[in-house]
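Here is the structure we will look at.
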Amino acid sequence: MQIVLRKLSQRVSLKQAIYCRTFSTKKVIDIGQPTPTSHPQLLKEGEVTPGISSEEYASRRKKFLELLPEKSLAIVAAAPVKMMTDVVPYTFRQEADYLYITGCQQPGGLAVLGHECGFCMFMPDANPHDVIWQGKVAGVDDALETFKAEKAYPMHKLRDILPDMIKGSPALFHNMHTAIPAYMNLEPFQKAVDNGKVKDVSYITHELRLIKSPAELKLMRESASIACQALLQTMLHSKIYPCESILSAKFEYECRIRGSQRMAFNPVVGGGPNASVIHYSRNDQKIKDGDLVLMDVGCELHGYVSDLTRTWPPCGSFSSPQEELYDLILQTNNECLKICKPGASIRQIHNYSVEMLRKGLKEIGILKREASSLYHLLNPTSIGHYLGMDVHDCSNVSYDRPLKPGVVITIEPGVYIPSHFDGPERYQGIGIRIEDEVLITETGYEVLTGSIPKEVKQMETLLNNFGNGMRVGMES
């Protein structure tokens with residue numbers, strides 16, 4: 001009986017070993033970026049990048065060609081690799097227009113779109129040395145199968161194929177930010193430049209990117225949610241660790257463990273007078289007891305960014321002058337949100353915010369008169385900007401453009417009073433900004449960053465009731 005059981009056990013173990021061996025040797029093809037096969041935890045079947053399907057990319061290209069003048073040609077190169085030292089590159093981030101059109105997250109490629117040629121890709125030539133050191137990259141077959149190009153060639157064929165495509169086009173559009181000598185040095189391209197036939201492709205792509213699809217909005221909501229959760233944890237952390245560098249690191253850590261690939265921009269963490277420097281990014285000071293800290297932060301999730309700002313006292317309570325200024329900025333933020341709706345424009349909202357801030361600063365006593373030119377020293381910024389794949393998204397779209405449902409903007413009133421400001425001493429060295437992400441809807445607006453507190457009492461309650469427990473969490 002024991003012999004029979006032993007043989008049965010050996011047979012079961014053998015079957016398990018064979019099953020495990022079969023599973024572990026399943027071939028997963030690496031194309032240089034996640035796919036539904038290689039990263040099923042990130043992509044669903046049919047998606048080219050997380051959350052964006054192959055059909056949506058095809059629809060983008062179709063709309064692009066509808067805006068491209070007849071017989072014209074568009075050339076969009078991938079972002080280049082930028083080097084930190086001779087052999088160490090900076091972290092690669094794909095150029096938004098190239099990513100928007102192709103879904104390819106890798107450097108070295110070139111996309112060509114035209115009514116005659118359709119969607120064509122030139123893919124980088126991978127050599128064995130690059131594969132050993134950097135891994136595999138997408139090639140011609142992947143351009144056809146994954147990115148659904150209608151034609152695809154290796155990059156070394158560019159000089160043989162692209163010139164004829166250019167010669168037959170009365171106008172050329174290209175991405176000026178990622179333009180490369182490989183096509184710019186071609187004689188037909190140079191002739192087109194000399195004849196004034198070359199234009200910036202972003203005037204087309206920014207029109208397409210301005211209104212977000214449901215899939216894009218889902219990613220933007222998730223990106224905003226991650227940033228809000230991370231900033232809330234950072235706020236609670238600030239009472240025990242009031243140091244700019246630690247708060248910057250804490251925010252990035254909290255974003256990354258929630259799935260973010262990178263920061264949307266270098267975090268602004270300005271304590272005390274540093275908060276009056278609008279794009280302060282040194283983040284190397286300890287925050288003095290009683291000072292405010294301004295954090296302007298955001299993260300990127302699968303190509304879509306978030307952007308929000310909160311200002312608070314790590315010590316747990318606002319001083320009287322701090323709260324007085326903060327209330328003015330908070331009121332301006334809330335009132336500007338109310339006029340975010342289809343038909344309004346960023347310019348109109350900005351002008352309204354300037355009226356509110358001028359009046360408020362005069363009532364407080366910081367400005368002697370509402371029309372004072374000193375106002376622009378205290379707030380030289382716009383009330384907001386478009387947001388999407390880039391932080392300042394769709395920069396070619398005017399702030400006078402009436403807003404439509406599906407557009408995402410920021411609302412970020414602020415005041416930045418330098419320590420040397422010739423005004424009431426109690427306000428000197430105070431910088432305050434409150435920034436929210438806002439989606440324009442059919443009936444008005446939706447605040448994507450509404451989960452992060454901004455009321456004085458809310459923040460003071462959080463800091464004083466929960467901030468003290470953070471040291472234990474760190475040590476454990």
Side-chain angles (χ1 to χ4, degrees), residues 16-61 76-81 89-111 119-155 213 215-216 218-220 222-223 226 252 255-264 299-305 389:
Q16 289 174 338
I18 292 171
Y19 175 79
C20 293
R21 187 180 184 85
T22 303
F23 179 80
S24 64
T25 56
K26 182 180 178 182
K27 190 174 182 182
V28 177
I29 299 173
D30 182 6
I31 70 161
Q33 70 183 60
T35 65
T37 304
S38 67
H39 292 70
Q41 74 278 15
L42 283 182
L43 291 91
K44 296 176 183 176
E45 199 62 41
E47 291 181 345
V48 180
T49 57
I52 307 295
S53 68
S54 179
E55 288 78 9
E56 180 150 338
Y57 279 107
S59 175
R60 291 173 179 181
R61 293 189 289 269
V76 184
V81 174
Y90 285 103
T91 301
F92 179 76
R93 181 183 188 266
Q94 188 58 279
E95 202 281 329
D97 282 344
Y98 185 82
L99 180 60
Y100 185 82
I101 289 169
T102 68
C104 182
Q105 299 171 316
Q106 303 164 57
L110 192 76
F119 172 41
C120 174
M121 293 184 78
F122 290 87
M123 304 304 286
D125 301 290
N127 61 59
H129 177 272
D130 292 336
V131 172
I132 290 171
W133 285 90
Q134 299 164 20
K136 290 188 177 180
V137 295
V140 170
D141 290 341
D142 303 305
L144 296 169
E145 293 173 16
T146 300
F147 307 122
K148 306 303 181 186
E150 290 157 281
K151 299 174 185 175
Y153 308 96
M155 189 61 82
S213 70
E216 290 179 295
K218 185 175 186 294
L219 287 169
M220 292 200 70
E222 290 174 1
S223 180
I226 288 172
E252 182 166 359
C255 285
R256 283 182 173 271
I257 65 171
R258 287 170 171 80
S260 168
Q261 287 75 51
R262 60 179 66 84
M263 296 294 90
C299 66
E300 182 174 328
L301 181 71
H302 307 311
Y304 291 83
V305 301
M389 298 182 80

Examine distances only and state if a side-chain atom of [X] and a backbone atom of [Y] form a donor-acceptor pair shorter than 3.5 Å.
{"X": "Gln105", "Y": "Gln33", "value": "no"}
{"X": "Gln94", "Y": "Cys104", "value": "yes"}
{"X": "Gln106", "Y": "Ile31", "value": "yes"}

For Gln261 and Arg256: C-alpha separation, side-chain torsions, deciding distance, then whether side-chain contact (heavy atoms from CB on, under 4.5 Å) applies. CA-CA 6 Å; Gln261 287 75 51; Arg256 283 182 173 271; 5.8 Å; no
Non-hydrogen atoms of [X] and [Y] that approach each other most closely:
{"X": "Gly259", "Y": "Leu301", "value": "O-CD1, 3.5 Å"}
{"X": "Pro36", "Y": "Gly46", "value": "CG-N, 4.2 Å"}
{"X": "Ser223", "Y": "Val305", "value": "OG-C, 3.5 Å"}
{"X": "Met389", "Y": "Ala96", "value": "CE-O, 3.7 Å"}
{"X": "Thr102", "Y": "Phe147", "value": "O-CD2, 3.5 Å"}
{"X": "Ala215", "Y": "Gly51", "value": "CB-O, 3.4 Å"}

Do the non-hydrogen side-chain atoms of [X] and [Y] ever get within less than 4.5 Å of each other?
{"X": "Ile101", "Y": "Arg61", "answer": "yes"}
{"X": "Glu300", "Y": "Arg93", "answer": "yes"}
{"X": "Arg258", "Y": "Ile226", "answer": "yes"}
{"X": "Ile29", "Y": "Thr35", "answer": "no"}
{"X": "His39", "Y": "Pro50", "answer": "no"}
{"X": "Glu47", "Y": "Ile52", "answer": "no"}
{"X": "Val137", "Y": "Asp130", "answer": "no"}
{"X": "Leu219", "Y": "Glu216", "answer": "no"}

Distance from [X] atom [atom1] to [Y] atom [atom2], nearest 0.5 Å?
{"X": "Leu43", "Y": "Ser38", "atom1": "CG", "atom2": "OG", "result": "7.5 Å"}
{"X": "Tyr57", "Y": "Leu99", "atom1": "OH", "atom2": "CG", "result": "5.0 Å"}
{"X": "Phe92", "Y": "Arg262", "atom1": "CZ", "atom2": "CZ", "result": "9.0 Å"}
{"X": "Tyr304", "Y": "Thr49", "atom1": "OH", "atom2": "OG1", "result": "7.0 Å"}

Is it true that atom CD1 of Ile257 has more than 12 heavy atoms of other residues, nucleotides or ligands lying nearer than 6.0 Å? yes
Residue pairs involving residues 133-155 (criterion side-chain hydrogen bond (donor to acceptor under 3.5 Å, both in side chains); sequence neighbours excluded): His129-Trp133
